[in-house]
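Quantities reported herein were computed from a predicted structural model and do not represent experimental measurements.
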Amino acid sequence: MPTATDFKDYYTILGVSKTATPEEIKRAYRKLARKHHPDVNPGNPEAEDKFKDLNEANEVLSNPETRSKYDQFGQHWKQAGAGGAPPRGTSTNAGGFDFDPSTNFDEYSNFDDFIKDLLGRGGQSRSRQTHSGTSNQADDFAGFRTQAPAPDTEAAIALSFSEAFHGVQKRLQLDDETLNVRIPAGAKSGSRIRIKGKGRVSPFSQQRGDLYLTIELFLHSFFKFSGDNLSCEVPIRPDEAVLGTQIQVPTPEGGVMMTVPKGVSCGQLLRLRGKGWILPKGDRTDLIVKLQIVSPKELSEIEQECYEKIKASSSFNPRSAIEEVRL
């Protein structure tokens, strides 16, 4: 049973306000999960504990139902969600009211009715229950027990581009259990993978919920995402841009030859169809290649001479269209 000293403020853990939107909570969780992920901080127990707190906070605040209970009942939100009652002599976070330790909980049909009555909002919602015989303290709460649905669990896992593209088997630590999880090929940042029956155990029904893994990808030095497609930048020489050429371009599965037409501009985009990211059904997206014209910083004598001749004989003026521009 949580106490005031071990109560976790999930909003503070994620660094968001209590009025944060679901999208703000999602962004904050992803940012902090990448920072404190055990794969990024090997052998760092503080980062591991922080990562567990982040997952717990996101699991509660990303679900509208559990967030509403948390906002209303504070440290007793789990009892409210499961129909249980708070321990005697404690106070709720709903309004900071202390209740009488002599309260007879048998007079309430559920925890929500108890809270409403405590805050003076009960009206006619309170319904009495009678029990014959004597009961001990544990029996005071027997009338509140209901079969709560097994809770689903949210966790994050970070992958390299190569692991996500090809698929990978990963070992995941969830509480005291080690899980071997197969990540299918084609996962992207933000992808969610459901693993049935691997969530946390409900303390009431003893059923296990599902585990939902949110995928985060480490940055790659060459490839980036452009929507569903992959993109990259490839340098070419000035003469290749003018005359056209054949160049080798890296793809996720190795280099392929690509035709650069003559007269291309710096920043021009070319498309390699079917050479991008892998899709769940096995299809491939495209690879978008952005050309970057790179001028040499040092020239041989022959190159210098050739460029001088081109300069002297060329009639091309790339700035003719802007000569009359003014305010």
Kindly say whether the aromatic ring centers of Tyr70 and Tyr10 come within a distance under 6.0 Å.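 Ring centroids of Tyr70 and Tyr10 are less than 6.0 Å from each other.
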
Salt-bridge contact [X]-[Y] (side-chain N to carboxylate O under 4.0 Å):
| X | Y | result |
| --- | --- | --- |
| Lys69 | Glu65 | no |
| Asp228 | Lys188 | yes |
| Glu59 | Arg67 | no |
| Arg208 | Glu177 | yes |
| Asp283 | Lys281 | no |
| Glu308 | Lys311 | no |
| Arg326 | Glu324 | yes |

### Task
For the residue pair Phe225 and Trp277, categorise the inter-ring angle as parallel (less than 30°), tilted (30 to 60°) or perpendicular (more than 60°).
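It falls in the perpendicular class, over 60°.
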
Nearest heavy-atom pair of [X] and [Y]: which atoms, and what distance?
| X | Y | answer |
| --- | --- | --- |
| Leu32 | Ile13 | CD1-O, 3.7 Å |
| Phe222 | Glu233 | CE1-O, 3.4 Å |
| Leu230 | Gly276 | CD1-C, 3.9 Å |
| Pro184 | Ile193 | CD-CD1, 3.8 Å |
| Glu240 | Val260 | O-CG1, 4.5 Å |
| Ile278 | Phe165 | CG2-O, 3.4 Å |

(request) Tell me whether Ile157 is reachable from Leu211 by hopping between hydrophobic residues (I, L, V, M, F, W, Y) whose side-chain heavy atoms are closer than 4.5 Å. (result)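 Cluster IDs for Leu211 and Ile157 match.
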
Q: Tell me yes or no: between the side chains of Ser17 and Thr19, is some donor less than 3.5 Å from an acceptor?
A: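 There is such a pair (donor and acceptor under 3.5 Å, judged by atom type) between the side chains of Ser17 and Thr19.
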
- Message: I'd like to check the ring pair (Phe, Tyr, Trp, His ring centres under 6.0 Å) partners of His37; sequence neighbours left out, ordered by chain and number.
- Response: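 Ring pair (Phe, Tyr, Trp, His ring centres under 6.0 Å) check on His37 returns Phe51.
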
Original post:
Side-chain contact, heavy-atom cut-off 4.5 Å: Thr214 with Asn58?
Top reply: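 Counting from C-beta outward, Thr214 and Asn58 never come under 4.5 Å.
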
Less than 4.5 Å apart, side chain to side chain, heavy atoms only: is that true for Glu163 and Lys170?
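Yes, close enough: below the 4.5 Å cut-off.
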
If you look only at distance, which donor and acceptor atoms sit under 3.5 Å apart when one is on a side chain in residues 261-275 and the other is two or more places apart or in another chain?
{"from": "Gln268", "atom 1": "OE1", "to": "Ser265", "atom 2": "N", "distance (Å)": "3.1"}
{"from": "Arg271", "atom 1": "NH1", "to": "Asp286", "atom 2": "OD2", "distance (Å)": "2.9"}

Margin query: I'd like to know if the side chain of Ser226 and the backbone of Asn229 have a donor-acceptor N/O pair within less than 3.5 Å.
Written below: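 Not confirmed, Ser226 side chain does not pair with Asn229 backbone.
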
